[in-house]
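This is a predicted model, so every value here is computed, not measured. Residue numbering restarts at 1 for every chain, and letters A, B, ... go by the order of the sequence lines.
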Protein chains: 2
Amino acid sequence: MSSKYYAKPLNDLIRALSGLPGIGGKSAQRLAFHILSMSDGDANAIADAIREAKSRMKYCSVCGNLTDTDPCGICADRTRDRSVICVVESPRDAAAVERTGEYRGFYHVLHGVLSPMDGIGPDDINLRQLLTRLQKDDDAKELILATNPTIEGEATAMYIAKLIKPAGIRVTRIAHGIPVGGDLEYADEITLSKAMEGRREL
Amino acid sequence: MSSKYYAKPLNDLIRALSGLPGIGGKSAQRLAFHILSMSDGDANAIADAIREAKSRMKYCSVCGNLTDTDPCGICADRTRDRSVICVVESPRDAAAVERTGEYRGFYHVLHGVLSPMDGIGPDDINLRQLLTRLQKDDDAKELILATNPTIEGEATAMYIAKLIKPAGIRVTRIAHGIPVGGDLEYADEITLSKAMEGRREL
């Protein structure tokens, strides 16, 4: 919601902010006025943080996670368990698993799930890279499928399992400790730990 | 909420966003990931809008409202009613009155209210400018006090009324009562008292 009662730069800011998820017209106005009331330094720090994050954050060429180094900090960490790769839908899901503090393996971020209804097939997610990675990687013994327990997440897990199992790698699925229809990102650490712990062979 | 599981530029963005009002840690994360998923153009447009608004929006030297021109569009509008000035606490309040579409006078934005408890006295709000303005302005016949119906807003209105009335200018206060569409049953006692007190003959 912009308004003809505000000057253009303010309206532009309100419009830009109201394009963000969960920010309605009134919130965008409140945020815009708050930003105008901040010191130049503080307000420009937000602008800089956006530009900075946008220009410096890339996807890891190994696992596909968001990172400012390549390979990312996790892929470059030699103390981690090379035998396990956890497949997740998004960088936020990888961060959620990391927060449990119990997983010490690697990740592979799909950036989506198979969804034929939306026209998203195997080539539209970061899946080919997973296969190439597994072909080169002799250390990987287990693939933990931690896609969300949604219809698409389950289907994607099944699809990957079918694809990978012939290669002799153990393929597991996190347990349904997470409520079906819920979101990995919002699961508490204990539930997510339980889910990791209760994984079963597919 | 920032996380050691995110790279620094992402963490910096999350931290910057979580400093905004009404944006908690989870919201800041969701917003940050959304911004990273936007095109460079769209993301940088937000950054630019912040910088642009911050550098171009000033306070009108006449009324104190937020503007990118001086005097502001309202003060410069010769078709408006020069005989009335509406005193409000903030630019958002001025915009709220404008949205009624029924007020055609000018504004004066105080940028706060008197609040001795918080150490905010007459010199800390845009009050001296109002007096100077009224001294120079022979057209102003009525001052509408539209500060909020809070303790501080009421006290500020009383203070301004006392100050201005001797100059022979009509000083009025916006009515307080039951909001249109509101329910008598759920109105608080003070609002209902004000509504009874401000009753008018039909």
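No more than 12 heavy atoms of other residues, nucleotides or ligands lie within 6.0 Å of CG in B:Asp138, so this atom counts as exposed by the packing criterion. Around CD1 of B:Ile151, the count of heavy atoms belonging to other residues, nucleotides or ligands within 6.0 Å does not exceed 12. Counting non-hydrogen atoms of other residues, nucleotides and ligands closer than 6.0 Å to CZ of B:Arg104 gives a total above 12.
Options B:Ile23, B:Ile35, B:Leu13 differ in how many heavy-atom pairs under 4.5 Å they form with chain A, and the most are formed by B:Leu13. Options A:Lys8, A:Met38, A:Glu98 differ in how many heavy-atom pairs under 4.5 Å they form with chain B, and the most are formed by A:Glu98.
Listed by sequence position, B:Ser39, B:Asp40, B:Ala43, B:Asn44, B:Ile46, B:Ala47, B:Asp48, B:Ala49, B:Ile50, B:Arg51, B:Glu52, B:Ala53, B:Lys54, B:Arg56, B:Met57 are the residues of residues 39-58 of chain B in contact with chain A, using a 4.5 angstrom heavy-atom cutoff. Residues of residues 62-74 of chain B placed with any heavy atom under 4.5 Å of a heavy atom in chain A are listed by number as B:Leu66, B:Thr67, B:Asp68.
Taking every heavy atom of both residues into account, A:Arg92 and B:Tyr6 meet most closely at CA-OH, 4.3 Å.
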